[in-house]
Structures are given as structure tokens and as C-alpha cells.
Engineer: 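Below is a structure I'd like to ask you about.
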Amino acid sequence: MSKSAQQRWSDHRDRILENIGSRKIARVEIPGWQPVSFDEGMRWLQATHYEGFKADHNLLANGEALILQLRSWEE
């Protein structure tokens with residue numbers, strides 16, 4: 001059985017928070033956008049899941065902080 005959009009979003013958010021731990025996010029990058037805040041990036045990610053797109057993330061070290069890269073695609 002397929003997961004609901006709410007469950008996919010919740011799982012993805014929890015996975016990101018677990019990966020970040022106590023480290024600081026320096027910026028969030030979304031293809032085609034200027035860098036955004038963490039909160040705005042999470043809203044974009046939630047909307048992406050609710051619109052039925054697949055989404056993933058990558059974390060890059062930037063000194064002591066992290067860069068969160070988000071991306072989406074159609075299935």
C-alpha cells in the first residue's frame with residue numbers, strides 16, 4: 001500500500017531533522033530559487049510532497065554549518 005502525502009512528508013521531515021542533529025543550517029538550496037531559510041525550505045518540501053512529486057535532499061558540510069539541498073521530480 002502506498003504512503004499518503006502526509007506520511008511521506010512526515011517521514012522526510014523526520015529524516016532531515018535526524019540527519020541535521022544539532023548542527024546549524026547555513027542555507028537551503030532549491031533548484032531555480034535563490035537560497036531560502038530552513039522554514040521556507042520545509043514549506044516547499046511539504047508542498048512538493050502534497051502535490052504528488054517525489055522529493056529528496058542532500059546535506060553538504062560548510063564549515064560547522066550545513067547546506068541543505070532539496071530537489072523534486074515527477075514520477
Side-chain angles (χ1 to χ4, degrees):
M1 179 181 225
S2 176
K3 289 183 181 180
S4 69
Q6 172 63 38
Q7 188 62 52
R8 287 192 313 271
W9 152 242
S10 295
D11 290 349
H12 199 164
R13 179 197 60 218
D14 293 348
R15 195 169 70 244
I16 288 172
L17 293 173
E18 182 179 314
N19 292 157
I20 292 170
S22 62
R23 295 175 289 184
K24 179 183 175 191
I25 295 291
R27 70 176 182 265
V28 177
E29 298 176 345
I30 300 169
W33 290 39
Q34 293 294 318
V36 298
S37 69
F38 182 76
D39 289 341
E40 188 172 355
M42 291 296 95
R43 285 190 298 272
W44 178 90
L45 186 61
Q46 182 179 30
T48 298
H49 280 289
Y50 277 68
E51 291 170 359
F53 291 94
K54 293 286 188 179
D56 203 358
H57 72 279
N58 190 38
L59 287 167
L60 302 174
N62 181 19
E64 292 185 20
L66 298 171
I67 298 170
L68 174 61
Q69 297 176 319
L70 301 173
R71 61 187 177 280
S72 68
W73 64 94
E74 289 186 65
E75 188 168 60

Engineer: Excluding sequence neighbours, so at least two apart, what forms salt bridge (Lys or Arg N to Asp or Glu O under 4.0 Å) with Arg27?
Structural biologist: Glu29
Engineer: For the side-chain hydrogen bond (donor to acceptor under 3.5 Å, both in side chains) test, which of Gln7, Lys3, His12 pairs with His49?
Structural biologist: His12
Engineer: Once you round to the nearest 0.5 Å, how far does CD1 of Ile30 lie from OG1 of Thr48?
Structural biologist: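 If we round to the nearest 0.5 Å, Ile30:CD1 and Thr48:OG1 are 7.5 Å apart.
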Engineer: Check whether Leu70 and Trp73 end up in the same hydrophobic cluster, where Ile, Leu, Val, Met, Phe, Trp and Tyr are linked by side-chain heavy atoms less than 4.5 Å apart.
Structural biologist: no
Engineer: Can you sort out the partners of Arg71 under side-chain hydrogen bond (donor to acceptor under 3.5 Å, both in side chains), two or more places apart, ordered by chain and number?
Structural biologist: Asp56
Engineer: Once you round to the nearest 0.5 Å, how far does CD1 of Ile20 lie from CD1 of Ile25?
Structural biologist: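 Ile20 CD1 to Ile25 CD1: 3.5 Å, rounded to 0.5 Å.
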Engineer: State plainly whether one hydrophobic cluster holds both Val28 and Leu60, where clusters connect Ile, Leu, Val, Met, Phe, Trp and Tyr through side-chain heavy atoms under 4.5 angstrom apart.
Structural biologist: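 In one cluster with Val28: Leu60, no.
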Engineer: When you group the ILVMFWY residues by side-chain heavy-atom contacts below 4.5 Å and let the links chain together, are Ile16 and Val36 in the same group?
Structural biologist: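 Shared cluster, yes.
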Engineer: Report the distance from atom CG of Leu66 to atom CG of Asn19, rounding to the nearest 0.5 Å.
Structural biologist: 9.5 Å
Engineer: When rounded to the nearest 0.5 angstrom, what distance separates CG in Leu45 from CZ in Arg13?
Structural biologist: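 One gets 10.0 Å once the value is rounded to the nearest 0.5 Å.
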Engineer: Say you draw a straight line from NZ of Lys54 to CZ of Arg8; how long is it, rounded to the nearest 0.5 Å?
Structural biologist: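 Going from NZ on Lys54 over to CZ on Arg8, the span is 6.5 Å.
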Engineer: Excluding sequence neighbours, so at least two apart, what forms side-chain hydrogen bond (donor to acceptor under 3.5 Å, both in side chains) with Ser10?
Structural biologist: Gln6
Engineer: Relative to the ring of Trp44, is the ring of Trp33 parallel (under 30°), tilted (30 to 60°) or perpendicular (over 60°)?
Structural biologist: perpendicular
Engineer: Would you say Leu17 and Met42 make side-chain contact, with heavy atoms under 4.5 Å?
Structural biologist: no
Engineer: So do the side chains of Glu18 and Arg15 get within less than 4.5 Å of each other, counting heavy atoms only?
Structural biologist: no
